[in-house]
Amino acid sequence: MKYPIGTWEGFLALPTAMLSTEYIISSYKPYSSYKSDFLVVALHDATYISIHVGKKILRVVLNRLDTYLVRRHDDLSGARVSSNTSVAVFSGHEATSVPITCAYAEYIVEQLLPTQHFAREFIVPPVPPKSHHVVRIYSSTQNTSITFRNTMNQSMQILLKAGDFHEILSGNVTMYVSANKPVQVMLYSTCYYVADTGDTFMSIVPAIIQYRNSYHFSVIVTNENFTHYLTIIAKTEDISGLRINGNQMGNSFQSYVTHANNETFTVNVYKLSSGEYHLYHVTGRTFGAIQYGFSTYHTYGYPLGLGDYKESTGNDGLKCFDCKDMTHLYLCDAVTKCSSGQVCLPLNYEDRYATTARMFLIWMSVGQ
């Protein structure tokens with residue numbers, strides 16, 4: 001295995017206000033003996049978690065800042081995480097190749113968005129100087145119809161259940177993705193073997209509705225010969241209003257044009273040197289931004305920020321495992337949203353600690 005010493009990656013750290021209780025795992029196929037994995041972090045005491053991996057269901061209870069790591073030799077993409085209160089989920093791979101036939105492997109990581117922040121329209125940028133990239137579209141619910149279009153063709157796919165995904169190997173072009181139900185789009189740069197620079201990263205693709213009008217970010221100094229890139233996705237008419245540290249944007253390294261819902265978008269890719277940056281639009285127009293970098297073997301990539309858009313508006317409310325009709329607690333896997341006046345309670349002390357199967361919640365009405 002041609003695997004260089006040391007590794008790079010990065011992710012956008014999400015504020016706790018954006019975290020929630022339902023997640024779909026994004027990862028990738030394993031290379032050789034390496035493992036796909038994800039980490040769940042509790043924000044509160046008595047956090048009850050259900051993890052669906054294939055046909056298996058894992059149960060765990062965590063207290064504040066406790067963590068639970070799931071590792072498998074197969075692709076964990078599509079696994080589902082549910083909890084009674086908000087958690088953070090970080091996903092990735094010890095070392096994977098994109099596409100899997102590549103002879104080089106790299107570490108990938110991303111902090112995942114909860115499903116309430118999945119959306120319906122995306123513009124997926126390429127990652128030059130690489131000639132190809134991989135796109136995965138993950139569903140959050142059953143019977144999700146997705147359409148993806150680039151300058152060469154258009155296609156449609158049906159994702160039958162929550163956690164299903166569709167993978168696309170794309171050339172050096174932009175892609176417009178739309179869906180009838182909320183989805184998450186992940187961008188993977190291809191490995192060193194496919195393009196003789198950099199390696200693999202995994203990055204959330206911001207939905208059009210998640211674009212912001214201002215981003216603060218930094219480009220770090222490294223001890224490797226990195227080339228750093230900034231990708232901006234904006235309506236073509238808004239490009240002239242972009243500023244970085246108070247100055248107009250310079251010449252782009254690459255530029256692309258695509259169309260979405262009768263609107264024209266421009267995708268510009270710029271080279272950046274190390275430093276601190278404020279990227280914004282003078283009239284407050286929103287745009288997407290992704291930062292990435294390549295050295296000879298290593299890479300990193302992540303969105304610069306995400307607007308706090310929620311597919312379901314309002315307070316999600318408290319969620320609990322609903323076990324009232326189950327013949328045995330091992331069978332309990334239904335998560336329900338509590339109504340007004342209802343609370344989550346653990347089973348009695350003796351039962352709760354008798355077996356791990358009894359680390360579930362029941363729910364009951366209060367004052368009725």
Side-chain angles (χ1 to χ4, degrees), residues 2-4 6-12 26-31 34 36 75 77 90-112 122-138 148 150 165-175 177 184-206 217 219-220 222 224-233 252-256 258 267-272 288-304:
K2 300 174 182 177
Y3 186 63
T7 190
W8 287 79
E9 240 286 41
F11 59 84
L12 174 68
S26 303
S27 188
Y28 207 72
K29 305 167 188 175
Y31 185 96
Y34 290 100
S36 175
D75 189 353
S77 293
F90 302 82
S91 181
H93 212 296
E94 290 178 342
T96 186
S97 296
V98 180
I100 195 60
T101 54
C102 181
Y104 291 80
E106 184 61 279
Y107 166 71
I108 59 172
V109 66
E110 184 63 278
Q111 182 173 0
L112 299 184
F122 304 78
I123 293 174
V124 185
V127 285
K130 288 186 177 289
S131 58
H132 291 80
H133 59 280
V134 168
V135 179
R136 277 189 175 184
I137 306 167
Y138 293 84
F148 41 99
N150 57 31
F165 63 88
H166 182 66
E167 180 175 320
I168 308 156
L169 175 62
S170 177
N172 190 28
V173 293
T174 58
M175 180 185 300
V177 175
Q184 177 66 78
V185 177
M186 281 287 181
L187 171 65
Y188 303 78
S189 68
T190 49
C191 70
Y192 174 81
Y193 181 76
V194 175
D196 292 335
T197 185
D199 217 302
T200 295
F201 68 75
M202 177 175 71
S203 173
I204 290 172
V205 176
F217 67 102
V219 177
I220 63 172
T222 71
E224 291 192 33
N225 188 25
F226 262 88
T227 303
H228 304 278
Y229 300 90
L230 169 66
T231 297
I232 294 176
I233 312 158
S252 61
F253 169 66
Q254 293 283 352
S255 186
Y256 311 83
T258 191
V267 177
N268 282 344
V269 182
Y270 302 89
K271 290 185 178 181
L272 289 179
I290 295 175
Q291 180 185 346
Y292 64 94
F294 296 128
S295 68
T296 303
Y297 298 108
H298 298 146
T299 188
Y300 69 90
Y302 43 80
L304 290 184

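The basis for the numbers below is simple: all heavy atoms, side chains too, and nothing from hydrogens, waters or symmetry mates. Here the structure is a predicted model, which means the values were calculated and not measured.
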Please name the residue in the list Pro128, Pro125, Pro129, Ser252 that meets the side chain to side chain contact (heavy atoms under 4.5 Å, CB included) test with Val269.
Pro128
Phe148 vs His166, side-chain contact (heavy atoms from CB on, under 4.5 Å): CA-CA, chis, key distance, verdict
CA-CA 10 Å; Phe148 41 99; His166 182 66; 3.4 Å; yes
The test is side-chain contact (heavy atoms from CB on, under 4.5 Å); show your working for Ile137 and Ile168 and say whether it passes.
CA-CA 9 Å; Ile137 306 167; Ile168 308 156; 4.0 Å; yes
Can you tell me how far OH of Tyr188 sits from CG of Leu169, rounded to the nearest 0.5 angstrom?
13.5 Å
Once side-chain contact (heavy atoms from CB on, under 4.5 Å) is applied, do any residues pair with Ser77, and if so which ones, sequence neighbours excluded?
Ser27, Asp75, Arg136, Tyr138, Phe165
Indicate yes or no for a side-chain donor-acceptor contact from Thr190 to the backbone of His132 under 3.5 Å, with no hydrogens or angles considered.
yes
In the structure I gave you, are the side-chain heavy atoms of Leu112 and Phe90 within less than 4.5 Å of one another anywhere?
no
Counting distance only, does the side-chain N/O of Thr258 pair as donor-acceptor with the main-chain N or O of Thr174 below 3.5 Å?
no
Would you tell me whether Gln254 and Tyr229 have side-chain atoms, one donor and one acceptor, within less than 3.5 Å of each other?
no
Rounded distance [0.5 Å steps], CG in Leu304 versus CZ in Phe217
5.5 Å
Check step by step if side-chain contact (heavy atoms from CB on, under 4.5 Å) holds for Glu167 and Lys29.
CA-CA 12 Å; Glu167 180 175 320; Lys29 305 167 188 175; 4.1 Å; yes
Do Ser255 and Asn268 have a side chain donor and acceptor closer than 3.5 Å?
yes
Flag side-chain contact, heavy atom, 4.5 Å: Val177 against Val124:
yes
Separation between CG (Asn172) and CG (Asn150), nearest 0.5 Å, reads 11.0 Å
For the atom pair CD (Glu110) and NE2 (His93), what is the distance rounded to the nearest 0.5 Å?
15.5 Å
Could you grab the distance from atom CD of Gln111 to atom OG of Ser91, nearest 0.5 Å is fine?
11.0 Å
Using the test side-chain hydrogen bond (donor to acceptor under 3.5 Å, both in side chains), find all partners of His228 that sit at least two apart in sequence or belong to another chain.
Tyr300
Taken in chain and number order and not counting sequence neighbours, the residues that satisfy side-chain contact (heavy atoms from CB on, under 4.5 Å) with Val109 are Glu9, Phe11, Tyr107
Nearest 0.5 angstrom please: Ile108 CD1 to Ser189 OG, how far?
9.0 Å
